[in-house]
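Since we're looking at a predicted model, the values are computed, not measured.
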Amino acid sequence: MEEFKVERYMELLETGKKYAELMNKYQCAIMEVETKLKVLNAEFSLQYDRNPFESIKSRLKSPASIIKKMQRKGQLTDEASFARSIEENLYDVAGIRVICAFQEDIYRLAELLVQQDDIRLIRTKDYIRNPKENGYRSLHLILEVPVFLKSGKTPVKVEVQFRTIAMDFWASVDHRLRYKKDVKNEDEIVEKLRVCATTIAALDDEMQQIRTMIEKD
Ligand code: 0O2
């Protein structure tokens with residue numbers, strides 16, 4: 001094998017290793033935050049005999065999505081500092097989605113999580129109180145959590161999305177539309193989704209009221 005090729009392959013392996021280390025950090029941060037949420041859930045169910053969330057899903061952003069988003073942000077520039085640039089510019093490489101039955105639990109859980117003294121709240125986007133134009137509703141928190149590695153303590157960013165079951169149902173249908181090309185009747189679907197989002201919001205409010213009435217007795 002020619003010398004320059006060996007060097008290039010070594011570089012590629014080195015870059016691959018850096019990427020794997022970075023993703024491992026994000027995976028560890030997911031585990032930290034998931035554990036915190038599960039601890040809160042267990043405590044709630046002991047105290048109030050109900051679970052504040054129904055399920056948790058987590059994911060690491062795929063390499064293709066990372067590259068697409070970095071490109072959109074104009075950050076696909078320097079190959080050598082790519083890993084650092086991902087950390088500085090992307091807040092949702094580590095993503096956790098918490099699905100709750102009731103809206104009230106979303107805010108309660110979010111508050112209890114950000115109050116913890118090893119968590120730093122970087123940003124809140126409240127698309128429940130301020131829904132997106134298309135009807136999207138969710139509470140997004142960008143958190144920084146310490147991850148303890150062999151090399152020491154590192155702060156890592158995690159995006160936590162909180163939604164109700166109904167909001168999650170809506171978002172999953174909307175997601176299909178967002179990622180499908182050349183959809184016929186797109187305007188009609190967008191409008192139908194907007195109407196559904198309003199219906200869902202009303203349903204969530206009603207269910208919340210019913211639960212409050214039940215718990216008063
Ligand atoms: P994927 O495939 O879910 O990862 P910023 O984080 O500020 O640089 P961004 O990413 O626009 O900019 O922030 P925002 O608004 O908080 O949205 C982040 C994520 O929320 C998206 O990630 C989606 O998961 C979700 N989201 C936001 N708007 C919508 C929407 O209208 N419909 C649906 N279904 N989901 C939405 P990604 O990276 O776009 O995609």
### Message
Looking at Met31, is its backbone amide N or carbonyl O close enough to the side chain of Thr35 to form a donor-acceptor pair, meaning the two atoms are under 3.5 Å apart?
### Response
yes

### Message
I need the Asn89 CG to Gln75 CD distance, nearest 0.5 Å.
### Response
3.5 Å

### Task
Answer yes when Asp118 and Lys36 have at least one side-chain N-carboxylate O distance shorter than 4.0 Å, and no when they do not.
yes

### Message
When you compare the side chain of Glu21 with that of Lys25, does any pair of heavy atoms fall below 4.5 Å?
### Response
no

### Task
Work out which heavy atom in Arg59 is nearest to a heavy atom in Lys61; give both atom names and the distance.
NH1-N, 3.5 Å

### Message
Test of understanding: clusters of I, L, V, M, F, W, Y form through side-chain heavy atoms closer than 4.5 Å, transitively. Do Leu90 and Leu141 belong to the same one?
### Response
yes

### Task
With rounding to the nearest 0.5 Å, note down the distance linking CG in Asn51 to CG in Asn41.
4.5 Å

### Message
For the backbone of Tyr136 and the side chain of Trp170, can you confirm whether one donor and one acceptor N or O come within less than 3.5 Å of each other?
### Response
no

### Query
Salt-bridged, Lys38 to Glu34, with N to O below 4.0 Å?
yes

### Query
Using the ring of each side chain (for Trp, its six-membered ring), is Tyr127 parallel, tilted or perpendicular to His140, with breaks at 30° and 60°?
perpendicular

### Task
Could you tell me whether Arg84 and Glu87 have a side-chain N and a carboxylate O separated by less than 4.0 Å?
no

### Polar side chain donor-acceptor pair, Gln208 to Gln103, under 3.5 angstrom
no

### Query
Checking Asn24 side chain against Ala20 main chain: does a donor-acceptor pair fall under 3.5 Å?
no

### Query
So, for Cys28 and Val147, which heavy atoms are closest and what is the spacing to 0.1 Å?
CB-CG1, 3.7 Å

### Message
Working note: Glu191 + Arg194, criterion salt bridge (charged side-chain N to carboxylate O under 4.0 Å, His left out); need CA distance, chi angles, decisive distance, verdict.
### Response
CA-CA 5 Å; Glu191 189 44 37; Arg194 206 176 285 129; 2.6 Å; yes

### Task
Look at Lys157 together with Asp92 and state whether they make a salt bridge at an N to O cut-off of under 4.0 Å.
no

### Message
Quick one: does any side-chain atom of Arg72 pair with a main-chain N or O of Ile67 as donor and acceptor, under 3.5 Å?
### Response
no

### Message
Assess whether a salt bridge exists between Arg211 and Asp105, defined as any Lys/Arg side-chain N lying under 4.0 Å from an Asp/Glu carboxylate O.
### Response
yes

#### Entry: Cluster link Phe148 to Val158, ILVMFWY, side chain under 4.5 Å
no

### Query
What's the spacing between Ile210 CD1 and Phe102 CZ if we round to 0.5 Å?
8.5 Å

### Task
Is it possible for you to check whether Arg129 lies under 6.0 Å from the centre of the six-membered ring of Tyr107, through NZ or CZ, and within 45° of that ring's axis?
yes

### Task
Give a yes or no answer on whether the side chain of Asp126 reaches the backbone of Ile128 with a donor-acceptor pair at less than 3.5 Å.
yes

#### Entry: Carboxylate-amine/guanidinium proximity below 4.0 Å for Glu186 and Lys181
no

#### Entry: Option among Arg97, Arg137, Gln161, Lys57 that satisfies the side-chain hydrogen bond (donor to acceptor under 3.5 Å, both in side chains) test with Asp168
Lys57

